[in-house]
Structures are given as C-alpha cells and as structure tokens.
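A quick note: this is a predicted structure, and the numbers were derived from the prediction, not measured.
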Amino acid sequence: MTDGVGPRRAKELVLGVHGPEAVVSGRAAAWLLRYAGLNEYHLDHRGEDAEIDQTLIALKVAAFAWRDTATGTPDAPKAELKTQSEWLSTKQAADALAMTDRAIRKAIRENRLQATTIGRAYRINREQLAHFKARRTTS
C-alpha cells in the first residue's frame with residue numbers, strides 16, 4: 001500500500017525482528033509471479049526448501065487477493081463473466097480509466113501500457129490495465 005505520495009522506498013519495505021524480511025505488495029507479487037517466472041520456478045523446485053515454498057505460496061496468496069480487487073476475478077486469465085472478455089479495446093480501457101482513447105494509444109506507444117496488436121487494433125489485458133492504473137495512481 002502507498003500513502004498517496006508514491007511507492008514506498010526499498011528501505012521502508014525491509015522489516016524484521018528475527019532478521020531482515022521484505023514486504024511485497026499484492027500487485028508486485030502478481031508481477032513477480034507472472035513476469036519474473038516465480039510461478040514456474042516454484043513448480044519446478046517445489047519441496048526443495050520449505051521456507052522458499054512458503055514464501056512463494058505467500059506471494060501467490062497476495063497476488064490472488066490483489067487480482068480479486070484489481071480485475072474482479074481471482075484468476076486473471078479467466079473472464080469474470082462469459083460475455084466479458086479478458087481483453088479490452090483502447091476505447092474500453094479509456095472508459096475504464098476515465099481517459100481518452102488517444103491517451104491510451106499514446107501510453108501503449110510509449111511502452112507504459114502493454115498491449116497486443118491484432119491486425120491494426122490494440123487489445124489490452126485486464127491485468128495489464130490494472131498494473132497501469134496502479135502505476136498512474138502512485139506517480
């Protein structure tokens with residue numbers, strides 16, 4: 001969590017009475033699991049170190065809780081409703097964030113928002129939109 005001023009600095013995320021421990025937000029946990037490959041690492045190395053197993057499980061719990069609040073689903077790749085797609089057009093993303101379609105396309109071109117190109121159109125994953133929204137509110 002942030003206090004509205006911006007993301008917490010690294011030294012504020014290290015705590016611990018019995019040695020240093022790091023605090024990880026749900027959004028950061030979701031990002032690490034998906035883009036840093038920690039989910040795959042855990043699957044490949046489960047049972048090798050009990051403390052690492054428990055830490056990775058804690059990251060998954062935090063990530064799922066964040067996804068629940070950010071995307072409306074506990075598992076981001078699954079749509080909340082059958083009629084609702086995991087992917088949004090730039091217009092739908094703009095409406096969701098109270099921005100213009102042009103601003104969304106500019107964010108994509110500047111690599112501030114990840115999107116997939118299908119033909120000549122952009123499609124934005126709901127989880128990516130949630131990450132983008134979170135970065136905007138902490139900037």
Side-chain angles (χ1 to χ4, degrees):
M1 296 291 282
T2 63
D3 57 8
V5 177
R8 290 187 285 179
R9 300 178 64 69
K11 67 181 181 179
E12 297 174 275
L13 298 174
V14 178
L15 312 168
V17 176
H18 305 290
E21 296 180 359
V23 175
V24 179
S25 70
R27 186 177 81 80
W31 192 96
L32 288 168
L33 287 165
R34 178 174 258 182
Y35 300 107
L38 291 183
N39 197 44
E40 290 76 18
Y41 178 85
H42 189 223
L43 293 173
D44 293 341
H45 299 280
R46 185 174 291 146
E48 292 178 6
D49 184 313
E51 183 179 2
I52 301 302
D53 280 347
Q54 291 304 305
T55 301
L56 292 171
I57 290 168
L59 285 176
K60 290 177 185 182
V61 169
F64 286 138
W66 176 80
R67 285 184 184 131
D68 253 347
T69 60
T71 64
T73 60
D75 188 25
K78 294 179 184 171
E80 184 176 5
L81 302 171
K82 290 185 193 275
T83 58
Q84 183 182 29
S85 173
E86 155 184 15
W87 299 95
L88 301 171
S89 67
T90 54
K91 170 95 174 81
Q92 291 169 319
D95 290 345
L97 297 180
M99 296 174 68
T100 64
D101 181 58
R102 184 176 180 177
I104 292 291
R105 286 184 275 117
K106 181 179 179 187
I108 293 168
R109 284 192 306 274
E110 293 175 351
N111 293 320
R112 293 183 289 123
L113 173 60
Q114 289 185 359
T116 300
T117 306
I118 300 177
R120 296 181 61 203
Y122 291 119
R123 291 293 176 257
I124 300 130
N125 178 288
R126 288 181 184 277
E127 186 175 346
Q128 284 302 320
L129 189 65
H131 284 294
F132 177 72
K133 180 180 178 181
R135 282 192 303 271
R136 285 184 63 225
T137 59
T138 60
S139 301

Residues forming a side chain to side chain donor-acceptor pair (under 3.5 Å) with [X], sequence neighbours excluded:
X	result
Asp49	none
Glu51	none
Arg105	Asp101

Euclidean distance, Phe132 CZ relative to Asn125 CG, rounded to 0.5 Å: 14.0 Å
Distance, nearest 0.5 Å, that separates CZ of Arg126 from NZ of Lys133: 12.0 Å
Could you tell me which non-hydrogen atom of [X] sits nearest to which non-hydrogen atom of [Y], and how far apart they are?
X	Y	value
Ala29	Val24	N-CG1, 3.7 Å
Ala130	Trp66	CB-CH2, 3.7 Å
Ile124	Ser89	CD1-O, 4.0 Å

Per-pair distances, 0.1 Å, donor-acceptor, side chain in residues 36-43, under 3.5 Å, sequence neighbours excluded:
| from | atom 1 | to | atom 2 | distance (Å) |
| --- | --- | --- | --- | --- |
| Asn39 | OD1 | Lys60 | NZ | 3.1 |
| His42 | ND1 | Lys60 | NZ | 2.9 |
| His42 | NE2 | Asp53 | OD1 | 3.4 |

Cluster overlap [X] with [Y], hydrophobic side-chain contacts below 4.5 Å:
X	Y	result
Trp87	Ile108	no
Val23	Val61	no
Trp31	Leu56	yes

Give the table of side-chain donor-acceptor pairs shorter than 3.5 Å for residues 112-122, with sequence neighbours excluded, one pair per line with atom names and distance.
| from | atom 1 | to | atom 2 | distance (Å) |
| --- | --- | --- | --- | --- |
| Arg112 | NE | Glu110 | OE1 | 2.8 |
| Arg112 | NH2 | Glu110 | OE1 | 3.0 |
| Gln114 | OE1 | Gln128 | NE2 | 3.4 |

Qualifying residues under side chain to side chain contact (heavy atoms under 4.5 Å, CB included), relative to Ala94, sequence neighbours excluded: Ile104
By side chain to side chain contact (heavy atoms under 4.5 Å, CB included) - contacts of Ala103 (at least two apart): Met99, Thr100
Any side-chain heavy-atom pair of Glu127 and Glu86 under 4.5 Å: no
